[in-house]
Amino acid sequence: AQSVAQPEDQVNVAEGNPLTVKCTYSVSGNPYLFWYVQYPNRGLQFLLKYITGDNLVKGSYGFEAEFNKSQTSFHLKKPSALVSDSALYFCAVNYGNMLTFGGGTRLMVKP
Amino acid sequence: DSGVTQTPKHLITATGQRVTLRCSPRSGDLSVYWYQQSLDQGLQFLIQYYNGEERAKGNILERFSAQQFPDLHSELNLSSLELGDSALYFCASSGLAGGGNIQYFGAGTRLSVL
C-alpha cells in the first residue's frame, strides 16, 4: 500500500526567506508525486508533479520540488517566500489512479 | 478557476437523510474522482469513474454510491447520513485515467449533518 507523510503540521517562515515543506512517501514501483495547495474555502490547486526525469521539478508560482529516490522524499521549496504563499500544502502520490495525500502542512509566511 | 463545478457549495441536513452531490468535470475530461476531507481522516479517495464506468474504489462506505452519466457529469449519493459524514467533499477530473495525469479539483461541497 502507498503512503505519504508530511512530518510538519506547520512551517513558519519570514517573507523573503527560502521555504521548505517536507514530504516522504512509500510506494511500490515508480512513484507519481504531486504537490497541491489549498487556500481557505477553496479547492486544491495543482502546483507541480514528478513522473520521471530531472529530479528538480519546477511548478507554479515559483515553487519547485526535489525528488530524492534514495531518501524517498519529495520536498517542496521556494527561494523567496511571499505572504500570499500562506496556505495548506498537500503532498500526494498517485498509485492505481487514486491520489493518496499526506496530512497537510500549513505554511505561515510572516511579513 | 479549475473548470470543475460542484453543486451545491453547502448542504445542511439531518441524520438519517439522503443527499446528492453533483460534479461537472472540465470540458473534455473523461475521468472523475471523489474525495472526502475531514478533520480526523484528512483527504481520502472515495471512488473514480472513467467514461461512465467505475475504475477505482477507495475507502467508500456502503451507504455511499456514485455514478457518471453519459454527459460525463457525476453524482455522489450519501444515504443514512451520520454525524461523522460531515466533511468537505471534493470532485476532481482528469483527461485520462493514468496515474501521471493531473487531477483538477472543484471548490467542494461542504456537508453538515446535524
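Below, read A as the first sequence line, B as the second, and so on, with proteins coming before strands; counting in each chain starts at 1. Note that the structure is predicted; figures quoted are calculated from it, not measured.
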Side chain, backbone, both or neither: which part of B:K57 has an atom under 4.5 Å from a heavy atom of chain A? backbone

Tell me the closest heavy-atom pair linking B:L43 and A:L44, and the distance in Å. CD1-CD2, 3.6 Å

Check the hydrophobic clustering (I, L, V, M, F, W, Y; side-chain heavy atoms under 4.5 Å; chains of links allowed) and say if A:V11 and A:Y39 are grouped together. yes

Nearest non-hydrogen partners of B:I102 and A:F34, listed with the distance: CA-CE2, 4.2 Å

May I ask you to name which of B:Q41, B:Q37, B:R110 has the most heavy-atom pairs under 4.5 Å with chain A? B:Q37

Mark yes when over 12 heavy atoms from residues, nucleotides or ligands other than B:R26 sit less than 6.0 Å from its CZ; otherwise mark no. yes

Crowded around A:Q10 CD? As in, over 12 foreign heavy atoms under 6.0 Å? yes

Might you confirm whether atom CG of A:L82 has over 12 heavy atoms from other residues, nucleotides or ligands at distances under 6.0 Å? yes

Identify the heavy atoms of B:Y35 and A:M98 that sit nearest to each other, and give their distance. OH-C, 4.2 Å

I'd like to know whether CG of B:L83 has more than 12 heavy-atom contacts from other residues, nucleotides or ligands below 6.0 angstrom. yes

Please determine which of B:Q48, B:Q44, B:Q103 meets the side-chain contact (heavy atoms from CB on, under 4.5 Å) test together with A:L99. B:Q103

How about CG on A:N30, more than 12 heavy atoms from neighbouring residues, nucleotides or ligands closer than 6.0 Å, or not? no

Measure distances from A:F90 to the heavy atoms of chain B and classify the residue's part below 4.5 Å as side chain, backbone, both or neither. side chain

Counting only heavy atoms closer than 4.5 Å, note whether B:L88 contacts chain A via side chain, backbone, both or neither. side chain

If one checks every heavy atom of A:Q45 against chain B at 4.5 Å, the contacting part turns out to be neither

Taking a hydrophobic cluster as the set of Ile, Leu, Val, Met, Phe, Trp and Tyr residues connected by side-chain heavy atoms closer than 4.5 Å, whether directly or through intermediates, do A:V37 and A:V109 fall within one such cluster? yes

